[in-house]
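By convention here, the first residue in the shown sequence is residue 1. Note that the structure is predicted; figures quoted are calculated from it, not measured.
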Amino acid sequence: MSAALSMPDGMALREARDGAVLTLTLDYPARRNALALPLRERMADVLEAVESDPSVHAIVITGAGGVFCSGGDISSMDVPDALAGRERLRRAHRTIRLLAAGTKPVVAAVEGWCVGAGLSLALACDLVVAAEDARFMAGFGKVGLMGDLGLPFTLPARVGAGRARRILMLHEQIAAPEAERIGLVDEVVPAGGALAAATERARFLAEQAPAPMALTKSMLAAGLDAALEVERHHQATLFLTADHREGRTAFMEKRKPRFGG
């Protein structure tokens, strides 16, 4: 793990092995598995180690407690300057690059909410299996930010540019059946069954020849690096705006934000 951040009490990235399949579970119950910086760092370190582990052929990403991920940890988004914002995104992008462009196939198992950074995390995976009561939303604009962690790249690739604009700009909640219909997710299963179904898919992927899997992922990720660099510049600017400060304050105070532009 990176020396810069340790895992606080009450926050964990749990690892479990099932043959050649590695399952990583976000476990941060206090904030419904929000993708806090220590969790991002730990996940990137684990994924990086897995890249050179020939005994792992596929990965499952899921969340504990019936929730996939409620988004970024708003309480930690006090970015002091542009350089700090760019560094924050650089570190977060490690995880996205390893998921989307790494050599191992990855399946997301989504129960409950999959919001903001959680949606970005799920769509960086190769397959998304969702419980029938799962709910999806971008919602970045509610705190004065744009979609990040690769979402402006991965979302239109799945649903097309028109639907991507609607999802990113209107903050609509999308139920699992509708998410499957528009291609946001690949498979919908009964509530409570996402992990089992995702593990079954991962076992199938783990039995395939590794090199074609890795090269297919590499081709499908073409353009990701350039998109992440543009995102890094834009989001680092937005972190410093008055509207983001207002959005963050409103979120913590559980009220509607009053944006000034």
S.K.: Quick one: which residue pairs count as a ring pair (Phe, Tyr, Trp, His ring centres under 6.0 Å) with a foot in residues 196-246, not counting sequence neighbours?
M.R.: Phe239-His244
S.K.: Please round to the nearest 0.5 Å and tell me the distance separating atom CG of Leu13 and atom OG1 of Thr25.
M.R.: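 Leu13 atom CG to Thr25 atom OG1 measures 7.5 Å (nearest 0.5 Å).
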S.K.: Indicate the atoms forming the closest heavy-atom contact of Ala109 with Thr62, along with that distance.
M.R.: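 Shortest heavy-atom contact: O-OG1, 2.9 Å.
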S.K.: List the atom of Leu121, the atom of Leu99, and the distance in Å for their closest heavy-atom pair.
M.R.: CD1-CD1, 3.5 Å
S.K.: I'd like to know whether Leu123 forms a side-chain contact (heavy atoms from CB on, under 4.5 Å) with Val128, so could you lay out the CA-CA distance, the side-chain angles of the two residues, the decisive distance to 0.1 Å, and finally the verdict.
M.R.: CA-CA 7 Å; Leu123 296 196; Val128 181; 4.3 Å; yes
S.K.: Any salt bridge linking Arg86 with Glu229? Criterion: basic side-chain nitrogen under 4.0 Å from a carboxylate oxygen.
M.R.: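 Salt bridge between Arg86 and Glu229, a charged N being under 4.0 Å from a carboxylate O: yes.
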S.K.: Is there a donor-acceptor pair closer than 3.5 Å between any side-chain N or O of Asp186 and the backbone N or O of Val129?
M.R.: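 No.
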S.K.: If you take all heavy atoms of Cys114 and Ala122, which pair is closest and at what distance?
M.R.: SG-CB, 3.9 Å
S.K.: Pairs in or reaching into residues 95-113: which pass salt bridge (Lys or Arg N to Asp or Glu O under 4.0 Å), with residues at least two apart or in two chains?
M.R.: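 Those involving residues 95-113 are Arg97-Asp225.
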S.K.: Go through the structure and list residues passing side-chain hydrogen bond (donor to acceptor under 3.5 Å, both in side chains) with Gln235, not counting sequence neighbours.
M.R.: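 Partners of Gln235 under the side-chain hydrogen bond (donor to acceptor under 3.5 Å, both in side chains) test: Asp148.
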S.K.: Please check if the number of heavy atoms outside Arg248 that lie under 6.0 Å from its CZ is greater than 12.
M.R.: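 Atom CZ in Arg248 is packed in, count exceeds 12.
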S.K.: If you compare all heavy atoms of Ala250 against all heavy atoms of Pro257, which two are closest, and at what distance to 0.1 Å?
M.R.: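 Looks like CB-CA, 3.6 Å.
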S.K.: Who pairs with Arg245 by side-chain hydrogen bond (donor to acceptor under 3.5 Å, both in side chains), at least two apart in sequence or on another chain?
M.R.: none
S.K.: Under 4.5 Å between side-chain heavy atoms, hopping through other hydrophobics if needed: is there a path connecting Val56 to Met213?
M.R.: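 Val56 does not cluster with Met213.
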S.K.: So, using side-chain contact (heavy atoms from CB on, under 4.5 Å) as the criterion, who are the partners of Tyr28 when residues are at least two apart?
M.R.: Met11, Ala30, Arg31, Asn33, Ala34, Ala36, Leu39, Asp73
S.K.: Do you reckon Met43 sits in the same ILVMFWY cluster as Val50, going by side-chain contacts under 4.5 Å, direct or chained?
M.R.: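 Same hydrophobic cluster.
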S.K.: Is the count of non-hydrogen atoms from other residues, nucleotides or ligands lying under 6.0 Å from Phe259 atom CZ greater than 12?
M.R.: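 More than 12 heavy atoms, drawn from other residues, nucleotides or ligands, come within 6.0 Å of this atom.
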S.K.: Do Ile96 and Thr154 touch side chain to side chain, with heavy atoms closer than 4.5 Å?
M.R.: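 Answer no - side chains too far apart.
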S.K.: Are the side chains of Thr95 and Leu35 in touch, meaning some heavy atoms are under 4.5 Å apart?
M.R.: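 The answer is no; the side chains never approach within 4.5 Å.
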S.K.: Looking at Met252, I'd like to know if its CE atom is crowded, meaning that more than 12 non-hydrogen atoms belonging to other residues, nucleotides or ligands lie closer than 6.0 Å.
M.R.: yes
S.K.: Between Glu231 and Gly150 (side chain of the first, backbone of the second, donor and acceptor by atom type, cut-off under 3.5 Å), is there such a pair?
M.R.: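 Looks like yes, one N/O pair under 3.5 Å.
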S.K.: Working to the nearest 0.5 angstrom, can you tell me the gap between Arg14 CZ and Leu24 CG?
M.R.: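 The CG atom of Leu24 is 12.5 Å from CZ of Arg14, to the nearest 0.5 Å.
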S.K.: Check whether any side-chain heavy atom of Val107 lies under 4.5 Å from a side-chain heavy atom of Pro105, and answer yes or no.
M.R.: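 No. Closest side-chain heavy atoms not under 4.5 Å.
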S.K.: Would the distance check show the side chain of Arg42 and the main-chain N or O of Arg40 forming a donor-acceptor pair, the cut-off being under 3.5 Å?
M.R.: no
S.K.: Within the structure provided, determine whether Met77 and Arg88 are in side-chain contact (heavy-atom separation under 4.5 Å).
M.R.: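 In short, these two side chains touch, coming nearer than 4.5 Å.
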S.K.: Quick one: closest heavy-atom pair of Ile61 and Cys125, and the distance?
M.R.: CG1-SG, 4.2 Å
S.K.: Answer yes or no: is there a side-chain heavy-atom contact under 4.5 Å between Thr23 and Leu195?
M.R.: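 Touching, per the 4.5 Å side-chain cut-off.
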S.K.: To the nearest 0.5 Å, what is the distance between CG on Leu151 and CD1 on Ile167?
M.R.: 8.5 Å
S.K.: Is there any salt bridge (Lys or Arg N to Asp or Glu O under 4.0 Å) pair reaching into residues 48-61, and which pairs are they, with sequence neighbours excluded?
M.R.: Glu48-Arg94
S.K.: Restricting to side-chain hydrogen bond (donor to acceptor under 3.5 Å, both in side chains), what partner residues turn up for Thr249, sequence neighbours left out?
M.R.: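 Partners of Thr249 by the side-chain hydrogen bond (donor to acceptor under 3.5 Å, both in side chains) criterion come out as none, since no residue qualifies.
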S.K.: Would Val185 and Val110 count as a side-chain contact (heavy atoms from CB on, under 4.5 Å) if you check the C-alpha gap in whole Å, the side-chain angles of each, and the deciding distance to 0.1 Å?
M.R.: CA-CA 9 Å; Val185 307; Val110 178; over 6 Å; no
S.K.: Please round to the nearest 0.5 Å and tell me the distance separating atom CG of Leu37 and atom CE of Met7.
M.R.: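 The CG atom of Leu37 sits 11.5 Å away from the CE atom of Met7.
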S.K.: Under the criterion side-chain contact (heavy atoms from CB on, under 4.5 Å), I'd like the reasoning laid out for Val115 against Gln173: C-alpha separation, chi angles, the key distance, then a yes or no.
M.R.: CA-CA 9 Å; Val115 178; Gln173 295 179 22; over 6 Å; no
S.K.: Is there side-chain contact between Leu155 and Arg163, with heavy atoms separated by less than 4.5 Å?
M.R.: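 The answer is no, as the side chains (C-beta and beyond) never meet within the 4.5 Å cut-off.
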S.K.: Do the non-hydrogen side-chain atoms of Arg90 and Glu87 ever get within less than 4.5 Å of each other?
M.R.: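 Of all side-chain heavy-atom pairs linking Glu87 with Arg90, at least one is under 4.5 Å.
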S.K.: Taking salt bridge (charged side-chain N to carboxylate O under 4.0 Å, His left out) as the test, write out the residues that go with Glu15, two or more places apart.
M.R.: none
S.K.: Return the CD to CD1 distance between Glu178 and Ile174, rounded to the nearest 0.5 Å.
M.R.: 7.0 Å
S.K.: Leu149, Val46: one ILVMFWY side-chain cluster at the under-4.5 Å cut-off?
M.R.: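 In one cluster with Leu149: Val46, yes.
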S.K.: Taking only residues two or more places apart in sequence, or in another chain, which ones meet Thr216 in a side-chain contact (heavy atoms from CB on, under 4.5 Å)?
M.R.: Leu220
S.K.: Any sub-3.5 Å donor-acceptor pair from Ser70's side-chain atoms to Arg32's backbone N or O?
M.R.: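 At least one qualifying donor-acceptor pair exists.
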S.K.: Could you see if Leu98 belongs to whatever hydrophobic cluster contains Leu119? Use Ile, Leu, Val, Met, Phe, Trp, Tyr and a side-chain cutoff under 4.5 Å.
M.R.: yes
S.K.: For Glu246, give me all partners under salt bridge (charged side-chain N to carboxylate O under 4.0 Å, His left out), at least two apart in sequence or on another chain.
M.R.: Arg255
S.K.: Enumerate the ring pair (Phe, Tyr, Trp, His ring centres under 6.0 Å) contacts for residues 112-143, please, sequence neighbours excluded, ordered by first and then second residue.
M.R.: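 Applying ring pair (Phe, Tyr, Trp, His ring centres under 6.0 Å) to every pair that reaches into residues 112-143, excluding sequence neighbours, yields nothing.
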S.K.: Is Arg203 salt-bridged to Glu200, cutoff N-O under 4.0 Å?
M.R.: no
S.K.: If the condition is side-chain hydrogen bond (donor to acceptor under 3.5 Å, both in side chains), which residues does Arg166 pass it with, not counting sequence neighbours?
M.R.: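 Per chain and number, Arg166 pairs via side-chain hydrogen bond (donor to acceptor under 3.5 Å, both in side chains) with Glu172.
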S.K.: For Leu205 and Val106: C-alpha separation, side-chain torsions, deciding distance, then whether side-chain contact (heavy atoms from CB on, under 4.5 Å) applies.
M.R.: CA-CA 9 Å; Leu205 294 170; Val106 188; over 6 Å; no
S.K.: Spell out, yes or no, whether Leu127 and Val189 are grouped together once hydrophobic residues are joined by side-chain heavy atoms under 4.5 Å, including indirect joins.
M.R.: yes
S.K.: Grab the two heavy atoms, one from Ala100 and one from Ala221, that are nearest each other, plus how far apart they are.
M.R.: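 Between these two residues, the closest heavy atoms are O-CB, 3.8 Å.
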